[in-house]
Number of protein chains: 2
Amino acid sequence: MEELIKILQSKNIQPSHQRIKILEILEKNKGHMNVNMIYDELLKEIPTISKTTVYNTLSTFAEKGLVHCLTITPEEMRYDYDTKPHHHLLCTQCGRIIDVDVRCAYADAMEIDGHSIEEIQGYFKGTCKECLSRDKAKH
Amino acid sequence: MEELIKILQSKNIQPSHQRIKILEILEKNKGHMNVNMIYDELLKEIPTISKTTVYNTLSTFAEKGLVHCLTITPEEMRYDYDTKPHHHLLCTQCGRIIDVDVRCAYADAMEIDGHSIEEIQGYFKGTCKECLSRDKAKH
DNA sequence: TTCCATAATTAGAATTATTATAGAATAATA
DNA sequence: TATTATTCTATAATAATTCTAATTATGGAA
Ligand SMILES: [Mn+2]
Ligand SMILES: [Mn+2]
Ligand SMILES: [Zn+2]
Ligand SMILES: [Zn+2]
């Protein structure tokens, strides 16, 4: 709790009740949540929460570098509380978005082909190992 | 024209008037168009074209591997007629989506971390070299 | 050619994620 | 306390995409 407030303050974000709770949810659920997942979790604790607040807060968090935005699913934005550079796999079978451990040659590059780069998104789409082994078991 | 029909047939797509024209537009405009860009071009030649047809056709093309779908812009889908594996830069200044020539270590990989992969999307976001040099000129 | 079954196209409605707006609540300040 | 700025909420607006049902085009059999 105190921790969360400190995190927000370190990024110059006023630690409101709603913002703290949203940050808490991001920390607890290590996945790559979309707005509705976060909103549904929030409803349990703040029944009056507005979805607009979730959108606004996540925009603020993204601006201040507290979360990363993923466009790996075409329908909606996903939010990643892990801001260390890493890539993602979208399993087309179970729909999960999974961190993948790859050594990206450009992770620390500041430019590419003469263009300056500020952000890198690496997306893989396929079948996750859990789904693969479930399929194999079913045989 | 005959060329385009052959391409469609080779992918088992009936070469209808609309589909041929959409393919023609994709070939001509080498960019990374969205549905509205394609639709606006089409209107010049087929004033009765329906946006639903554009969506349906592009879905078919994507299914049959004739185009690749890019989710680099969060608002809308972009379509790439160049299906050879390559990555993209979104210039946050001019909005263009530009092919980048990088040697991706995973381009030909079939699996990663135990997950099987069918598709790779590599996105860079930053400022393109044209915008950089324009900025510098303005000084 | 004519008829029929099927596939493709169209217009418009429905869905859904996101953004804009304006007022209410809350917190900060003096 | 009174004033001011910030945050939050509810609702409306926007825009991409999908769904639906009706219409049109197409290819093959008779
Ligand atoms: Mn992640
Ligand atoms: Mn491209
Ligand atoms: Zn899976
Ligand atoms: Zn640019």
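The figures here come from the full heavy-atom set of this structure, side chains too, leaving out hydrogens, waters and symmetry mates. So you know, we letter chains A, B, ... as the sequences are listed, proteins then strands, and number each from 1.
Atom pair Y79(B):OH and dA16(D):P shows a separation of 12 Å (rounding to whole Å applied). Atom NE2 of H17(B) and atom C1' of dA8(C) are 14 Å apart (whole Å). Atoms CZ (R19(B)) and P (dT24(D)) sit 19 Å apart, rounded to a whole Å. We find that OH of Y39(A) is positioned 15 Å from C1' of dT18(C), with the value rounded to whole Å. Rounded to a whole Å, the CD1 atom of I22(A) is 13 Å from the P atom of dT7(D). Here the C1' atom of nucleotide dT6(D) and the CD atom of Q9(A) are 16 Å apart, to the nearest Å. Put simply, CD1 on I49(A) is 11 Å from C1' on dT7(D), counting in whole angstrom units. Atom-to-atom, CD of E76(A) to P of dT15(C) comes out at 18 Å; the value is rounded to the nearest Å.
Between Y55(A) and dT18(C) there is a side-chain N or O to OP1 or OP2 distance below 4.0 Å. Taking side-chain N and O atoms only, Q18(A) has no distance below 4.0 Å to OP1 or OP2 of dT26(C). In this model, the phosphate group of dT9(D) is approached by a side-chain N or O of T48(A) to a distance below 4.0 Å at OP1 or OP2. For dT9(C), the OP1/OP2 oxygens have a side-chain nitrogen or oxygen of S16(B) closer than 4.0 Å. In this structure, N36(A) reaches the dA17(C) phosphate: one of its side-chain N or O atoms is under 4.0 Å from OP1 or OP2. At dT9(C), none of the side-chain N or O atoms of S50(B) fall inside 4.0 Å of OP1 or OP2 (strictly under the cut-off). Phosphate contact (OP1/OP2 of dA5(D), side-chain N/O of Q14(A), threshold under 4.0 Å): absent.
Taking hydrophobic clusters as Ile, Leu, Val, Met, Phe, Trp and Tyr residues chained together by side-chain heavy-atom distances below 4.5 Å, Y55(B) shares a cluster with L8(B).
Contact of the T127(A) side chain with the E118(B) side chain is registered, since non-hydrogen atoms from C-beta on lie closer than 4.5 Å.
In this structure, a donor-acceptor pair under 3.5 Å is present between the side chains of Y123(B) and Q121(B). If you check the side chains of E76(A) and T73(A), you find a donor sitting under 3.5 Å from an acceptor. Neither side chain, D101(A) nor H86(A), offers a donor N or O lying under 3.5 Å from an acceptor on the other.
On a pure distance criterion of 3.5 Å, a polar donor-acceptor pair joins the side chain of T52(A) and the base of dA20(C).
With the nearest nucleotide of DNA chain C identified for both R78(A) and K51(B), K51(B) has the one nearer the 5' end. Where E75(B) and N56(A) meet DNA chain D, the nucleotide closest to each residue was compared, and N56(A) sits on the side nearer the 5' end.
Closest approach to the I46(A) side chain among dT9(D), dT10(C), dA16(D) is made by dT9(D) (side chain taken as heavy atoms from C-beta onward).
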